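Chain A is the first sequence line, chain B the second, and so forth, proteins listed ahead of strands; every chain is numbered from 1. Since the model is a prediction, treat every value here as computed from it, not as a measurement.
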Amino acid sequence: MSDTGITTKKRVDFSEWYTETVLKSELADYAPVKGCMIIREHAYAIWEKIQEIFNKKIKATGHKNVYFPMFIPEGFLKKEAEHFEGFVPEVAWVTEGGSSPLEEKLAIRPTSETIMYDAFAKWVRSWRDLPIKINQWCNIVRWETKATKLFLRTREFLWQEGHTVHATSEEAEKEVMDILLEYKDLMEKYLAIPVLIGVKTDSEKFAGALYTTALEAMMPDGKALQMGTSHNLGQNFGKVFDIKFIGEDKQDHYVWQTSWGITTRLIGAVVMVHGDDKGLVLPPKIAPVHVVIVPIPYKGTDPEAIKAKAREIEAKLKEKNLAVVLDDREEYTPGWKFNHWELKGVPVRIEIGPRDLKQKQVTLARRDTGVKCVVKEDDAVSTVETLLEEIQHNLYAKARIALEEKTTTVKSYDEFKKVLSEKGGFLKASWCGSGKCEEKVKEETGATIRLRPFEKEEPIAGCVYCGEKAVEMVYFARSY
RNA sequence: GGGGCCGUCGUCUAGCAUGGAUUAGGAUACAUGCCUGGGGCGCAUGCGAUCCUGGGUUCAAAUCCCAGCGGCCCCA
């Protein structure tokens, strides 16, 4: 038995399983600097899929991609006080160029609001210049002091950050929500991960924003994961960066802005939610490889005939725009290949052996359930297409059930603590709206308010902490 | 923020308690040649280690001590 497979069981030690799965499936590797990771081919291909899907979405609604520098003068960051306070503890600074100290130290962007908005101030003159709707795909650095974890919390990561500038508050509000719903669609339809959406409390909102909307998913260990955020910045940045325009009314107005982002953390979420003891299980819509074909050339049969058939089916699948790998390497046995591609999360495998050849059939195996079936060769392509759809749906359905199973409505603080320690997950509870209660709960249990959901429900009891009159039901959880 | 564990060929690891003789051992991977092939197939040969880094203790350090770097886990 080799140790190239996953040796830790997902249910036994989730954290260890996660790390092992990420490393052995070759999604990522550690880099020499603490908290930094190498995103390897397989993960980068998934990231490119996410980019492709999201680019298509935002371009359809008039957004365009740009690139701003990664160095931000200290003075820029300081302009919006709350923003600076929020980010300064984890900013990495460049203080020297070559061997001479810089006159003003430069932040390596932790996010690009300030450097972009300085430019926006120059670009915006008239209402005719609005809206600005741009996005950039880039790396950012946040010098984490807490424990880091592959994909979920690293000091450098990749993301997209969208930034828009509008003439009215209403337009900005609509943008925030439009993007949030595009994110939700991306996560549920493509990543097959169900999410809750809502508004962050003041203590959890983006530093400098009016309010932050977010998407939260539930991981199998009962911890929540923030999947993306969409912020309404109001006029906070407009005022400090002096982004003004002359309106149709001939008056000066400050602009209304939004910013929003998703990161490579999503890849970690996919691993956690769908993976199993054999490795990754990738939703077909983001899988870099949809189908792997493994020819099984027994001795005594004609290996060339089997390979030819494999190539024929490969070509047919490619005609349907499916990503196919024909693994005809001779140095590995079929069993080895099965394990290898399962580790990589390929949704469907096709086996073609002498038995299949003789009976004009192929054997199909699906990654999510492990079920094998035999179909007529002529039906192979259409069956694969059906299977891919089924797998996509099945993964989402399973994750949906898991989310529901890990969501508990609690009435009292005792019940809250009991459920949190025994089962974790989302705790739906009444809240009075006080930041103090929120803070106390965090101190005492480690759980925070993940969301104030958009779907409002009447409080079922007094505030879960103080017992006073509650204003709404919110979702608490421990989180990554 | 608090606590704990860990670092030895590419990878996983034995050795460390009780310092010295294992030539730092094994497995796996890799290379070559055979053999195979429907769930990590087998045989042979070969290649492969600054024992994380720096200091200290000692006649002697992979082993003990200190610091740093890096990784993991748990708690809040």
Selection from B:rC73, B:rG40, B:rG37 that lies nearest to any side-chain heavy atom of A:I296: B:rG37

Gap between atoms NZ and P, on A:K372 and B:rG39 respectively (whole Å): 7 Å

Rounded distance in Å between the C1' positions of B:rU63 and B:rU8: 11 Å

Sugar-phosphate only, base, or nothing, as touched by A:D356 at under 4.0 Å among non-hydrogen atoms: base

Rounded interatomic separation in angstrom, taking NZ from A:K24 and C1' from B:rG10: 13 Å

Nearest-nucleotide pick for A:K34, side chain only, options being B:rG38, B:rG71, B:rG39: B:rG71

Per A:E330 side chain, nearest of listed nucleotides B:rG38, B:rG40, B:rG37: B:rG37

Per A:T333 side chain, nearest of listed nucleotides B:rG39, B:rA76, B:rG40: B:rG40

Proximity to the side chain of A:W336 - top-ranked nucleotide from B:rG39, B:rA76, B:rC41: B:rC41

Whether A:W336 and A:Y332 hold their rings parallel, tilted or perpendicular, with breakpoints at 30° and 60°: parallel

Sugar-phosphate, base or nothing in reach of A:T363, heavy atoms under 4.0 Å: base

Sugar-phosphate only, base, or nothing, as touched by A:E342 at under 4.0 Å among non-hydrogen atoms: base

Cation-pi geometry met for A:R450 and A:F476 (6.0 Å, 45°): no

Carboxylate-amine/guanidinium contact A:K376 A:D378, below 4.0 Å: no

Nearest-angstrom distance from the residue atom CZ of A:R329 to P of B:rC41: 13 Å

Inter-nucleotide C1' distance (B:rC16, B:rA21), Å rounded: 16 Å

C1'-based separation of B:rU57 from B:rU11 [nearest Å]: 34 Å

Closest to the A:E351 side chain, choosing from B:rG39, B:rC73, B:rG38: B:rG38

Short N-O contact, A:K79 and A:E113, less than 4.0 angstrom: no

Side-chain ion pair, A:K456 and A:E472, N-O less than 4.0 Å: yes

Separation of atom CD in A:E144 from atom P in B:rG71, rounded to whole Å: 13 Å

Residue met sooner reading RNA chain B from 5', once A:E444 and A:K146 are mapped to nucleotides: A:K146

Gap between atoms CZ and P, on A:F476 and B:rA76 respectively (whole Å): 16 Å

B:rU45 to B:rC75 separation - P atoms, rounded to the nearest Å: 50 Å

A:P297 vs A:K149, nearer the 5' end of RNA chain B by closest nucleotide: A:P297

A:E438 with A:K442: basic N within carboxylate O range, under 4.0 Å: no

Nearest heavy-atom neighbours spanning A:A310 and A:L326: CB-CD1, 3.6 Å

Salt-bridge contact A:D276-A:R367 (side-chain N to carboxylate O under 4.0 Å): yes

For atom CD of A:E20 and atom C1' of B:rU11, their distance in whole Å: 12 Å

Sugar-phosphate only, base, or nothing, as touched by A:G35 at under 4.0 Å among non-hydrogen atoms: sugar-phosphate

Per-nucleotide pairing state of RNA chain B [Watson-Crick or G-U, under 3.5 Å; [ ] pseudoknot-crossing; | other strand]: (((((((..((((......[....)))).(((((.......))))).....(((((..]....)))))))))))).

Donor-acceptor pair under 3.5 Å, A:R349 side chain vs B:rG39 base: yes

N/O (side chain, A:R478) to phosphate O (OP1/OP2, B:rC75) under 4.0 Å: no

ring-ring contact (aromatic ring centres under 6.0 Å, His included) between A:W47 and A:W159, worked out: CA-CA 9 Å; A:W47 185 236; A:W159 78 346; over 10 Å; no

Side chain of A:T19 (C-beta onward), nearest among B:rC73, B:rG38, B:rC41: B:rC73

Candidate list A:Q226, A:E204, A:K205, A:H231, test side-chain hydrogen bond (donor to acceptor under 3.5 Å, both in side chains), partner A:T212, passing option: A:H231

P gap between B:rA31 and B:rC74, integer Å: 37 Å

Interatomic distance at C1', B:rG15 relative to B:rG2, whole Å: 34 Å

B:rA62 versus B:rG1 - spacing of their P atoms, nearest Å: 36 Å

Between B:rG71 (P) and A:L23 (CG): distance, integer Å: 12 Å

Touch class at under 4.0 angstrom, heavy-atom based, for A:Y30 against every strand present: sugar-phosphate

Atom C1', compared across B:rC12 and B:rG7: separation rounded to whole Å: 13 Å

Gap between atoms CD and C1', on A:E439 and B:rA76 respectively (whole Å): 12 Å

Per A:N339 side chain, nearest of listed nucleotides B:rG39, B:rC41, B:rG38: B:rG39

Sugar-phosphate, base or nothing in reach of A:P32, heavy atoms under 4.0 Å: sugar-phosphate

N/O (side chain, A:S15) to phosphate O (OP1/OP2, B:rC72) under 4.0 Å: no

